[in-house]
Amino acid sequence: MSQPTIVDLDELIHTTKQFYINNKEELDEIRELEIYLAEQEYEFEHLKDDLDDIKSSYIKERNDLNKSNKASDIFEKITQIITGKKPQSQSPKVAPRKMQMVDNDLVIDRKYNKVDYFLNNVNFQKQRSVFETRDEMYTKVDDYIPDSYRYLRPFEKVCAKNKMPLSEYLVTGYHESGLTINQYIAGNELFNQLNHRFNLSPTSKHINKARDIMVNYLLEYEKYMAKPLPLSPLVLQKNTRIRPFKDDITIIMSYMNEINNGIQNILSHNASYPIQLDVFFVAPGYHTNLNLHSLGGKILDIGVKSDKESRKHGAVDAVADIYGILRRAANDINRSNKQRFVMLIVRANEDDTSDDTVYIYKPDLNDTVAPKFISDACELTYLINSKTKLIPGLMSYEEGVLGWNHHLHSNECNKIYLSYGQYKSRVFKRNILTKLQCLFDHHNGRKHQIGNSVQVDFMKYYKDLTDTNYSEVGEYWFNNSKSYECYEPYWNPQNCRAMGNVFIPKNNPSCTKDLLEYIHEKDVYKTPEKLYYKLDYTVGMQIVDKQTVCIRKKDNKLICLLNTELHHKENKQPLYALIEKNSWKSKQKWKIVNYRHISEAFMTPDELVENYGIFTLDLPRGSRRQHEGFTQLKKQIDVTKQLIRTTNWSHIRIVQSKQNLSKMNNTDSYRINHNNRGRGGKGRGPPPSSSSGQQLNGEFKISERRFKQLALKSLQKLQSEQSELTPIAH
């Protein structure tokens with residue numbers, strides 16, 4: 001297979017990077033080359049025409065920094081790419097995921113919802129024309145991310161431009177996975193869908209660029225910002241030069257619960273967002289040369305303090321005084337937005353907190369949060385703030401200093417990070433204790449252990465801070481453990497209604513009877529029979545409008561979801577029918593799932609998230625919502641006298657129930673009798689009733705002329721009452 005033709009400098013650099021995807025030193029060298037080419041104002045044509053000269057001058061410059069070998073290797077790759085030779089990749093290959101085949105009788109095609117939503121909502125394109133107005137949020141990123149983090153800027157600019165913290169979502173997803181970067185990328189559904197879309201359209205550079213920027217960001221983030229929190233204490237001891245945190249974990253947990261309570265009940269009220277509150281614990285016996293229990297000067301001028309002396313006539317110990325010290329600092333913290341405060345907790349001994357000293361103050365450096373239009377999209381600005389000195393002589397990432405940082409964006413968006421040394425990750429209620437334990441010294445008289453009762457109490461009172469967008473969008477794209485595949489279900493091409501596709505049990509259990517008691521619309525449908533009629537046609541509308549989805553989880557089980565357009569009787573949320581393969585041989589390939597209670601077969605979006613891990617972004621909206629309640633379509637229905645007179649009613653099919661159809665002897669009786677006269681004089685003369693109709697074998701026949709008369713009469717009556725026509729199915 002021939003190499004793709006390179007036509008510009010950006011594409012050349014991107015292609016070169018692909019051969020060093022996991023080689024950090026080579027990637028650094030490529031970025032230095034990018035800077036050099038930009039400074040010299042070289043374009044792709046210059047490289048093609050004067051490659052040897054440019055190579056010589058660049059290698060000479062890098063030779064002064066002992067980097068000439070790397071530079072020479074990079075230029076060798078560039079030469080091979082430009083000349084059309086296929087360079088050998090320096091990166092280990094990752095085997096693609098192997099998935100079992102899906103039952104072709106049940107599904108048709110894959111649905112690539114993740115990548116569709118991603119490409120529709122995230123723009124990776126740079127400004128192309130000098131006539132375009134540059135996005136201020138894009139250009140301002142340079143002002144708030146120092147040069148030492150310049151390799152993280154490209155993706156942060158994308159985040160700012162799209163007003164979305166994509167970088168934080170990506171890093172958190174990677175950290176949560178517990179995998180290497182290579183393994184994480186290979187197992188991520190969004191990256192796989194991006195690859196699929198690029199393979200279908202190799203000329204779509206923005207797709208490949210999106211993937212490249214995100215992969216590079218992870219590599220640079222781990223190099224310049226932080227590594228994922230270790231999965232075990234052994235990892236911490238093996239891979240870092242600092243010793244584990246040596247203290248009693250239950251005391252740290254007590255502090256955390258009190259601080260968490262204070263943030264929820266003191267700072268969150270009338271808060272001037274954004275706010276950053278960085279909590280740091282200094283372990284007993286560490287950094288004693290700094291006299292941390294006796295700090296004064298500017299710290300006390302712009303902060304508050306709680307120590308043994310100040311608590312003589314108040315709280316019994318430092319933990320008991322946390323709520324009070326937060327209350328004393330609340331006015332300063334909430335006085336204006338974009339402020340950063342540090343809570344420094346200096347531990348005195350491992351057994352109690354009676355001699356601990358606690359400070360809340362504004363630091364000398366990095367004492368503000370970036371403007372909201374930057375900080376809401378670029379979580380990195382908060383993280384950079386935290387990676388600075390706490391006081392002269394004490395850095396936040398030193399041995400014996402445990403970080404617990406709070407990024408308070410708004411009432412709806414707050415994030416918490418745990419850090420120690422070079423390790424830092426976002427934490428949640430579900431994993432904070434597991435992550436915390438891995439940072440503690442496991443050779444300290446069992447003080448790293450958490451008793452069952454202590455854990456129960458912590459989980460009872462500790463509250464997760466709200467971050468709606470992460471749970472709905474961030475995890476949707478980047479949480480590997482919550483990934484699944486979506487498919488278009490197969491439906492009966494001859495009959496789109498429920499009766500031709502989905503078995504809904506009438507007895508043992510009576511599904512519609514159970515459902516009637518479970519829905520808000522009980523007074524509308526009143527009987528199981530009427531409810532089935534509603535479901536029968538609702539299923540048809542969802543199928544026609546492609547408002548159904550089949551989900552395949554990692555256990556390869558298929559579950560089909562369909563919006564019933566009914567609602568839960570209590571919370572009024574929409575109900576989705578859960579459908580699975582029908583084990584009986586039938587034209588109805590699907591059936592309502594077996595259930596003990598109807599709530600297991602019909603679920604709200606919240607219940608689907610909780611029980612099946614299905615994201616709301618993958619749930620069908622429903623025909624009614626897709627067509628905005630059919631308002632515009634119904635407005636197009638204009639029934640006039642002229643329409644009634646000119647319609648050929650003999651060709652209008654009347655839909656009969658199965659019970660009535662079984663009584664019919666003649667299939668022509670489904671239609672209005674256009675020709676009232678039959679052969680041999682049958683049907684001559686006036687009909688036997690005043691309505692000009694006749695009833696035979698349970699069927700009713702009426703002439704087209706008489707039907708028009710009755711329809712016109714009904715329309716006239718409706719108009720005189722100023723009433724509207726009622727659609728029978730919508």
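Y518 and H568 have perpendicular rings, their planes meeting at more than 60° on a 0 to 90° scale where under 30° would count as parallel. By the 30° and 60° cut-offs, the orientation of the rings of F124 relative to F155 is parallel.
R426 forms a cation-pi arrangement with Y470, by the criterion of a distance under 6.0 Å to the ring centre and an angle within 45° of the ring axis. Cation-pi contact between K114 and Y484: present, with separation from the ring centre below 6.0 Å and deviation from the ring axis of at most 45°.
With hydrogens and angles disregarded, no donor-acceptor distance shorter than 3.5 Å links the side chain of Y476 to the backbone of D618. Between the side chain of E600 and the backbone N or O of Y595 there is no donor-acceptor pair closer than 3.5 Å. W649 contributes a side-chain N or O that, together with a main-chain N or O of I644, makes up a donor-acceptor pair within less than 3.5 Å. Between the side chain of K553 and the backbone N or O of E485, no donor-acceptor pair lies under 3.5 Å. Under a 3.5 Å cut-off, the side chain of N188 and the backbone N or O of F191 do form a donor-acceptor pair. With hydrogens and angles ignored, the 3.5 Å screen pairs no side-chain donor or acceptor of S177 with any backbone N or O of N480. Here the side chain of N501 pairs a donor or acceptor atom with the backbone of R497 at under 3.5 angstrom. No donor-acceptor pair under 3.5 Å is formed between the side chain of Q716 and the backbone N or O of K713. A donor-acceptor contact shorter than 3.5 Å is absent between the side chain of E565 and the backbone of T538. Of the possible donor and acceptor atoms, none in the side chain of K587 sits under 3.5 Å from a partner among the backbone N and O of N492.
Salt bridge status for K205 with D212: absent, with no side-chain N to carboxylate O gap under 4.0 Å. Note on D116 versus K111: no salt bridge recorded, every NZ/NE/NH1/NH2 to OD/OE distance being 4.0 Å or above. At a threshold of 4.0 Å, the pair E189-R110 counts as salt-bridged, since one of the basic side-chain nitrogens sits closer than that to a carboxylate oxygen.
Atom CZ of R430 has more than 12 heavy atoms from other residues, nucleotides or ligands within 6.0 Å.
The shortest heavy-atom contact between P620 and Y576 is O-OH, 2.7 Å.
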